[in-house]
Amino acid sequence: MKNEIKTNGESKLFEEIKTLIQNSRNAAYSAVNSISLTTYWNIGKKIVKEEQKGRERAQYGERLMEVFAEKLTKTFGDGFRKRNLQYFRKFYQMYDNEEIVHTCVHNLTWSHIICQRQRSLR
């Protein structure tokens, strides 16, 4: 009988610890996702505002994107290739209101943003 009580108590404690770990991991994932989306949005904003002067594309835009992508990829890895920089730019253009980004879009993942962008091109 004592072993069963101890086992049940251990089982409950184990489940509580497991839940704590899962909740912490979910919170960490959510925080990283939110920070990543904010970073991508700000990269898109910089490309549009500072390099393109708010126009759809800079006159030298494709070459600029290639140069940035090459340098960023060497420094930070494949997540900053030209295609992703183009996605970042479009992400900002789709959601150019910062309040919307902070209140709504951050609840999505980058995959949701990419899918939304692809649907808007149809």
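Just so you know, these numbers use all the heavy atoms, side chains as well, and skip hydrogens, waters and symmetry mates.
Remark: Lys12 does not engage Glu15 in a salt bridge, criterion side-chain N to carboxylate O under 4.0 Å.
A distance-only check finds a donor-acceptor pair linking the side chain of Ser24 to the backbone of Leu20 [under 3.5 Å]. Side chain of Asp96 to main chain of Tyr92: no donor-acceptor pair is present (N/O by atom type, distance under 3.5 Å, no hydrogens or angles). Checking side-chain atoms of Ser30 against main-chain N and O of Asn26 turns up no donor-acceptor pair under 3.5 Å. Using modelled atom types, one side-chain atom of Trp41 and one backbone atom of Tyr95 make a donor-acceptor pair closer than 3.5 Å.
In terms of the side-chain hydrogen bond (donor to acceptor under 3.5 Å, both in side chains) criterion, residue partners of Asp78 (sequence neighbours excluded) are, by chain and number, Arg81. Partners of Glu70 according to the side-chain hydrogen bond (donor to acceptor under 3.5 Å, both in side chains) rule, which considers only residues two or more places apart in sequence or in another chain, do not exist here.
Within the hydrophobic cluster formed by Ile, Leu, Val, Met, Phe, Trp and Tyr side chains joined at under 4.5 Å, directly or through other members, Tyr29 stands alone, with no partner residue.
Counting only heavy atoms from C-beta outward, the side chains of Arg89 and Ile43 never approach each other to under 4.5 Å. The closest side-chain heavy-atom distance from His102 to Thr38 is below 4.5 Å. Side chains of Trp110 and Phe88 form a contact here, defined as non-hydrogen atoms less than 4.5 Å apart.
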So Ile47 and Met65, side chain to side chain contact (heavy atoms under 4.5 Å, CB included) or not? Walk me through it.
-> CA-CA 9 Å; Ile47 291 169; Met65 297 293 271; 4.0 Å; yes
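When the side chains of ILVMFWY residues are joined at heavy-atom separations under 4.5 Å, either directly or via intervening members, Ile35 and Ile100 end up in two distinct hydrophobic clusters. If you chain together hydrophobic residues whose side chains sit under 4.5 Å apart, Ile21 and Leu13 fall into the same group. Under the 4.5 Å side-chain heavy-atom criterion for ILVMFWY residues, a single connected hydrophobic cluster contains both Phe76 and Tyr87.
The two residues His112 and Leu108 come nearest to each other via the heavy atoms CB-CB, 3.8 Å. Lys45 approaches Glu98 most closely through the heavy-atom pair NZ-OE1, 4.1 Å.
From Ile17, atom CD1 reaches atom CD of Glu10 across 10.5 Å, with rounding to the nearest 0.5 Å. With values rounded to the nearest 0.5 angstrom, Lys46 atom NZ is found 14.0 Å from Leu85 atom CG.
Between Phe80 and Tyr40, the ring planes are perpendicular. Angles over 60° get that label, and only those under 30° would be called parallel.
Screening Ile114, Asn33, Leu37 for a side-chain contact (heavy atoms from CB on, under 4.5 Å) involving Thr109 leaves a single residue, Asn33.
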